[in-house]
Asker: 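Shown below is the structure under consideration.
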Amino acid sequence: MIGPTRLSLIPSGLTGLPALDMDTVCDALAGPGYVAVRLTDTDMLAALRREAEALWQEDALTPAGIGRADDHELIARVRRDKTKWLDGSTPGQTAWLAFAETLRREVNARLMLGLFAFEAHFAVYEAGAFYKRHLDSFRGARNRVLSTVLYLNPHWREGDGGHLRIYGEDDDVITELRPEFGTLVLFLSEEIPHEVTVSHRERFSIAGWHRCNDRGLAPALQVRALPIAP
Ligand SMILES: O=C(O)CCC(=O)C(=O)O
Ligand SMILES: [Fe+2]
């Protein structure tokens with residue numbers, strides 16, 4: 001199936017940040033472990049799209065790695081996206097980090113996950129790029145706990161590929177999501193195996209992770225993100 005299985009249409013928040021129905025989101029995280037919602041088209045989303053595209057055109061995004069591996073052939077077999085960490089240096093980034101902070105507090109209040117810090121990067125998957133099936137955190141590592149991916153691609157068609165494919169426990173494909181502009185996917189980093197299928201045109205997103213501690217936090221955020229008051 002293509003498209004979010006549990007799509008909530010959510011009105012813009014009064015603060016200018018997108019508002020989320022946090023009860024629905026947290027019920028889904030506590031149940032299936034993932035949820036997709038559609039954020040309304042705010043200035044923030046448009047600014048983030050413009051910024052991602054500009055970074056790509058300026059060649060400011062660099063090939064992503066896997067863990068500590070520096071075997072480039074291995075990395076190229078696993079993932080082909082290019083990324084750049086957010087550092088809060090633009091209004092769009094600041095707004096997204098503020099949104100993530102609101103999310104962190106709301107999720108902690110409901111699910112008591114102890115989320116502590118957030119890191120995120122812009123990503124582009126150019127034509128032919130993919131990310132093979134993986135978990136964002138090793139089970140039990142309690143490091144990356146909650147994954148978020150915001151998609152920034154208006155008019156994404158079925159044939160454009162680049163779907164987020166989510167797997168169940170028995171290797172079965174549970175759902176495939178199109179990376180359409182404003183779709184936000186949240187899932188438990190240690191629980192939900194997923195992959196990005198081959199994209200046939202450039203595909204922009206912001207992938208982020210809430211952690212339960214500061215270990216290994218993205219260098220650009222190590223000073224800024226710590227500590228966050230409960
Ligand atoms: O872009 C996506 O749909 C998922 C990206 C991803 O899995 C990751 O960066 O870990
Ligand atoms: Fe991932």
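Counting starts at 1 for both ligands and their atoms, in listed order. All of these numbers come straight from a predicted model, not from anything done at the bench.
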Asker: Hey, does Trp209 sit under 4.0 Å from ligand 1 if you only count heavy atoms?
Answerer: yes
Asker: At what distance, to the nearest 0.5 angstrom, does NE2 of His163 lie from OG of Ser199?
Answerer: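 Rounded to the nearest 0.5 Å, the NE2-OG separation comes out at 9.0 Å.
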Asker: Can you tell me which residue and heavy atom of the protein come closest to atom 4 (C) of ligand 1, and the distance to 0.1 Å?
Answerer: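 Protein heavy atom with the smallest distance to atom 4 (C) of ligand 1: Val196 CG2, 3.5 Å.
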Asker: Rounded to the nearest 0.5 Å, how far does NE2 of His121 lie from CH2 of Trp209?
Answerer: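 It is 3.5 Å, given to the nearest 0.5 Å.
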Asker: Compute the minimum heavy-atom distance from His134 to ligand 1 and say whether it is under 4.0 Å.
Answerer: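 Judged by the 4.0 Å heavy-atom criterion, His134 does count as contacting ligand 1.
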Asker: Would you name the N/O/S atom of Asp136 that lies closest to the Fe ion (ligand 2)?
Answerer: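 Looking only at N, O and S atoms of Asp136, the one nearest the Fe ion (ligand 2) is named OD1.
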Asker: Transitively linked via ILVMFWY side-chain contacts under 4.5 Å: Val78 with Ile75?
Answerer: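 Hydrophobic grouping puts Val78 with Ile75.
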Asker: Could you pull out the closest heavy-atom pair between Leu103 and Thr148, with the gap in Å?
Answerer: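 It is CD2-CG2, 3.9 Å.
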Asker: Out of all atoms in ligand 1, which are within 4.0 Å of some heavy atom of Tyr131? Include the element for each.
Answerer: 6 (C), 8 (C), 9 (O), 10 (O)
Asker: CG of Asp21 to CD of Glu106: how many Å apart, nearest 0.5 Å?
Answerer: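 Going from the CG atom of Asp21 to the CD atom of Glu106 covers 10.5 Å.
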Asker: Looking only at protein heavy atoms, identify the closest one to atom 1 (O) of ligand 1 and say how far it is in Å.
Answerer: Arg203 NH1, 2.9 Å
Asker: Is the contact between Phe187 and ligand 1 made by the side chain, the backbone, both, or neither, using heavy atoms and a 4.0 Å cut-off?
Answerer: neither
Asker: Residue-level breakdown please: for Asp136 versus ligand 1, do any non-hydrogen atoms fall below 4.0 Å on the side chain, on the backbone, on both, or on neither?
Answerer: side chain
Asker: Enter the distance from Phe99:CZ to Ile206:CD1 here, rounded to the nearest 0.5 Å.
Answerer: 11.0 Å
Asker: Which atoms from ligand 1 have a heavy atom of Tyr125 less than 4.0 Å away?
Answerer: 5 (C)
Asker: Run the contact test for Glu195 against ligand 1 with a 4.0 Å cut-off on heavy atoms, strictly below, and give the result.
Answerer: no
Asker: Within 45° of the ring axis of Tyr167 and under 6.0 Å from its six-membered ring centre, is that where the NZ or CZ of Arg133 lies?
Answerer: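 Relative to the ring axis of Tyr167, which defines the angle, Arg133 lies inside both limits.
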Asker: Does Gln93 reach the main-chain N or O of Gly88 with its side chain, forming a donor-acceptor pair under 3.5 Å?
Answerer: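 Between the backbone of Gly88 and the side chain of Gln93 there is a qualifying donor-acceptor contact (under 3.5 Å).
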Asker: Using a 4.0 Å cut-off to any heavy atom of Leu164, which atoms of ligand 1 qualify?
Answerer: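 The list of qualifying atoms is 3 (O), 4 (C).
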Asker: What is the nearest protein non-hydrogen atom to atom 3 (O) of ligand 1, stated with its residue, atom name and distance?
Answerer: Tyr151 OH, 2.5 Å
Asker: Less than 6.0 Å separating the ring centroids of His200 and Trp156?
Answerer: no
Asker: At less than 4.0 angstrom from any non-hydrogen atom of Val149, what atoms of ligand 1 do you find?
Answerer: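 Listed by number with element, the hits are 1 (O), 2 (C).
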